[in-house]
A.B. asks: 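I have a structure I would like to understand better, so I am pasting it below and will then ask my questions one at a time.
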Amino acid sequence: MDTRKMLACLLGATLMVQAGSLTYAKDVEEAKVLSLDNAIKQAQSKSLQLKITEKKGDLDKENADMAYLQGGYYAYDAQNVQATYTRKQQEVIKDQITLSVTSLYEDILLSERQLEMLNSNIALLEKQNLKNQIEKDKGLKSDLYMQQQDLAYQQTLQSKADLEQQLDLKYTQLGNMVGVTMSRYKLEDPNVVYEPYKEVASLNAFASSQAEKHIDLWKATEDLRVAEETPIMTYDYIQVITMRANREIARDSKQLTKENLEKAIREIYVNIKQLEQQHEIYVSDLVLKEKELAVNKIYLEKGMISQLQYDQSELAYEETLVKLEQLENQHSVLKFKLDHPHLIG
């Protein structure tokens, strides 16, 4: 491909990128702002699962009242445990919605930044390809090298197309959760401040205390209590054996539930601390790239490096920034789970 054809292709690709950017900018300019808090509230109010659970809670309460009238206290006690469990599930569903919306919301914002970064990378590759073509015409670049560079360019264009498609799906998913048409809205950065998770003196003790907050463990504990407190008021051998077996099953269920929760909580805590160590490395790398960028700015002003070289260092800084933000999002999700242990399991 000669230089003029290369220029025509690159110009066409550039115009396509710019056209996409302009269309998006127009949509954003006309859109309303959907804050994270409002997105969570709207998703909770729209949740069919939450509405069904609320109705089930009312029905469970009626069943408990009816059980008391028909079978007395012990029959009521067993049904009341179920009614209380259903009420607790409503709060769990609200927290699940909060986590899901927050994760998707922040993921969209991160994807937007990744898209901006890809656009910058495409622009740099186009400039580099122009430079390479000139050098090839002078016999300084081989056909193999040019093919490799063109492949890298095409792969980056494909990555951009894939990311745009994923982003459209994420916007659609968020719109379905919240109950709005996302083309009329834009998101705002929630400005979540990164904070390391608290240190614990004993991980096993911490896991045990957090596990006690889980509604499944509460349910297993209450089921065991009901099984142990309900008197065996029958001489029927089969019924006696069944009730005793139910008590053993309840004990085993409680123990197994607690062990599984404690194991999961310990793993999440360890993952959080590993992310925090990695966070320190990313921050150090970001500081280093920021200094390099400042030095390159001076070099650029003095004519010691080209604009292309400066843009490449700026892109490297942005890539590190995106990686750091991605890690902080992962850290935030795990912290939320650890503070709301009923989401674990």
Side-chain angles (χ1 to χ4, degrees), residues 36-37 39-41 43-44 46-54 56-57 60 81-108 110 170 173-174 177 190 192-226 249-279 325-345:
L36 176 57
D37 287 342
I40 292 171
K41 291 176 183 177
Q44 289 178 343
K46 187 178 180 293
S47 172
L48 180 60
Q49 182 186 12
L50 187 57
K51 292 176 181 178
I52 292 174
T53 306
E54 289 173 350
K56 185 176 182 299
D60 286 343
V81 167
Q82 179 60 47
T84 305
Y85 180 68
T86 303
R87 288 198 300 272
K88 289 178 177 291
Q89 281 182 313
Q90 295 174 23
E91 298 304 316
V92 173
I93 292 172
K94 289 180 181 179
D95 285 340
Q96 288 173 338
I97 294 172
T98 298
L99 180 61
S100 297
V101 172
T102 301
S103 298
L104 183 57
Y105 193 101
E106 293 179 345
D107 191 29
I108 289 175
L110 181 62
K170 291 173 184 176
Q173 184 181 357
L174 181 61
M177 293 175 68
V192 178
V193 179
Y194 168 84
E195 291 182 2
Y197 197 75
K198 63 184 179 182
E199 298 290 340
V200 298
S202 169
L203 181 54
N204 287 335
F206 172 74
S208 178
S209 65
Q210 291 299 97
E212 293 291 343
K213 302 175 184 178
H214 201 290
I215 66 166
D216 285 349
L217 183 56
W218 176 89
K219 180 68 162 51
T221 302
E222 286 298 294
D223 286 344
L224 175 59
R225 179 189 62 77
V226 170
I249 291 172
R251 290 191 188 96
D252 293 342
S253 176
K254 176 184 176 181
Q255 184 62 29
L256 182 60
T257 300
K258 193 171 191 300
E259 289 175 358
N260 289 338
L261 286 173
E262 289 176 352
K263 180 176 180 293
I265 289 169
R266 286 194 298 267
E267 289 175 352
I268 291 177
Y269 182 85
V270 170
N271 288 339
I272 284 178
K273 290 306 171 181
Q274 289 175 342
L275 286 176
E276 290 174 0
Q277 292 176 355
Q278 194 172 0
H279 186 272
E325 184 175 348
Q326 188 173 20
L327 184 146
E328 289 179 351
N329 287 351
Q330 295 172 354
H331 184 266
S332 177
V333 168
L334 292 181
K335 279 180 62 178
F336 190 86
K337 285 186 175 182
L338 213 51
D339 288 336
H340 301 79
H342 44 257
L343 297 177
I344 300 172

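The analysis underlying the following values was restricted to heavy atoms, covering all of them including side chains, and did not include hydrogens, waters or symmetry mates.
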A.B. asks: Please round to the nearest 0.5 Å and tell me the distance separating atom NZ of K219 and atom OG1 of T86.
C.D. replies: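 Result: 8.5 Å between the selected atoms.
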A.B. asks: Would you name the heavy atoms of T53 and Q49 that are closest together and state the gap between them?
C.D. replies: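 Taking T53 first and Q49 second, the nearest heavy atoms are OG1-O, 2.8 Å.
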A.B. asks: Shortest non-hydrogen contact from H331 to I272?
C.D. replies: NE2-CG2, 3.6 Å
A.B. asks: Enter the distance from L334:CG to N271:CG here, rounded to the nearest 0.5 Å.
C.D. replies: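 Reported value, rounded in 0.5 Å steps: 6.5 Å.
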A.B. asks: Who pairs with E91 by salt bridge (charged side-chain N to carboxylate O under 4.0 Å, His left out), at least two apart in sequence or on another chain?
C.D. replies: K94
A.B. asks: Provide the full list of ring-ring contact (aromatic ring centres under 6.0 Å, His included) pairs with a residue in residues 83-102, sequence neighbours left out, each pair given once.
C.D. replies: none
A.B. asks: Which pairs with one or both residues in residues 96-105 pass side chain to side chain donor-acceptor pair (under 3.5 Å), sequence neighbours excluded?
C.D. replies: Q44-T98
A.B. asks: Mind checking whether T257 and W218 have side chains closer than 4.5 Å, heavy atoms only?
C.D. replies: no
A.B. asks: Quick one: CG on L104 to CD on Q173, what's the gap to the nearest 0.5 Å?
C.D. replies: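 Reported to 0.5 Å precision, the distance equals 5.0 Å.
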A.B. asks: Provide the closest heavy-atom pair for I93 versus S47 in the form atom of the first, atom of the second, distance.
C.D. replies: CG2-OG, 4.4 Å
A.B. asks: Classify the ring geometry between H340 and H342 as parallel (under 30°), tilted (30 to 60°) or perpendicular (over 60°).
C.D. replies: perpendicular
A.B. asks: In Å and rounded to the nearest 0.5 Å, what is the CG to CG distance from L217 to N260?
C.D. replies: 11.0 Å
A.B. asks: Could you tell me whether the side chain of K46 reaches within less than 4.5 Å of the side chain of K51, counting heavy atoms only?
C.D. replies: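 Of all side-chain heavy-atom pairs linking K46 with K51, none is under 4.5 Å.
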A.B. asks: Is it true that a side-chain atom of E262 and a backbone atom of A211 form a donor plus acceptor pair closer than 3.5 Å?
C.D. replies: no
A.B. asks: What distance do K88 atom NZ and I215 atom CD1 have between them, rounded to the nearest 0.5 Å?
C.D. replies: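 That separation rounds to 8.0 Å.
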A.B. asks: Name all residues meeting the side chain to side chain contact (heavy atoms under 4.5 Å, CB included) criterion together with A264; count only those two or more places apart in sequence or in a different chain, and write none if there are none.
C.D. replies: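 Residues passing side chain to side chain contact (heavy atoms under 4.5 Å, CB included) with A264: I344.
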A.B. asks: With salt bridge (charged side-chain N to carboxylate O under 4.0 Å, His left out) as the test, would you mind laying out the steps for D60 and K56 before giving the verdict?
C.D. replies: CA-CA 6 Å; D60 286 343; K56 185 176 182 299; 3.1 Å; yes
A.B. asks: Evaluate the side-chain proximity of V192 to E328: yes if any heavy-atom separation is below 4.5 Å, no if none is.
C.D. replies: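 E328 does not reach V192 side chain to side chain.
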A.B. asks: Which atom pair, heavy atoms only, marks the closest approach of N204 to R266?
C.D. replies: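 N204 and R266 have their closest heavy atoms at OD1-CD, 3.3 Å.
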A.B. asks: Let me see the working for D223 and I249 under side chain to side chain contact (heavy atoms under 4.5 Å, CB included), right down to the final yes or no.
C.D. replies: CA-CA 10 Å; D223 286 344; I249 291 172; over 6 Å; no
A.B. asks: Please list, chain by chain and in numerical order, all residues satisfying salt bridge (charged side-chain N to carboxylate O under 4.0 Å, His left out) with K254, sequence neighbours excluded.
C.D. replies: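 K254 satisfies salt bridge (charged side-chain N to carboxylate O under 4.0 Å, His left out) with no residue once adjacent residues are dropped.
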A.B. asks: Do E259 and Q255 come close enough that some side-chain heavy atom pair is under 4.5 Å?
C.D. replies: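 They are in side-chain contact.
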A.B. asks: So how far is it from L256 CG to D216 CG, rounded to the nearest 0.5 Å?
C.D. replies: 11.5 Å
A.B. asks: Do the side chains of L50 and Q90 get nearer than 4.5 Å, heavy atoms only?
C.D. replies: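 In short, these two side chains touch, coming nearer than 4.5 Å.
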A.B. asks: Could you check whether any side-chain heavy atom of E222 comes within less than 4.5 Å of a side-chain heavy atom of T84, counting everything from C-beta outward?
C.D. replies: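 No, too far: nothing below the 4.5 Å cut-off.
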A.B. asks: What donor-acceptor contacts under 3.5 angstrom involve side-chain atoms of residues 193-202, with partners at least two apart or in another chain?
C.D. replies:
| unit_1 | atom_1 | unit_2 | atom_2 | d |
| --- | --- | --- | --- | --- |
| Y197 | OH | D339 | OD1 | 2.8 |
| E199 | OE2 | K273 | NZ | 3.1 |
| S202 | OG | A205 | N | 3.3 |

A.B. asks: Ignoring hydrogens, what is the shortest heavy-atom contact between I97 and I40? Give both atom names and the distance.
C.D. replies: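 That closest heavy-atom pairing would be CG2-O, 4.4 Å.
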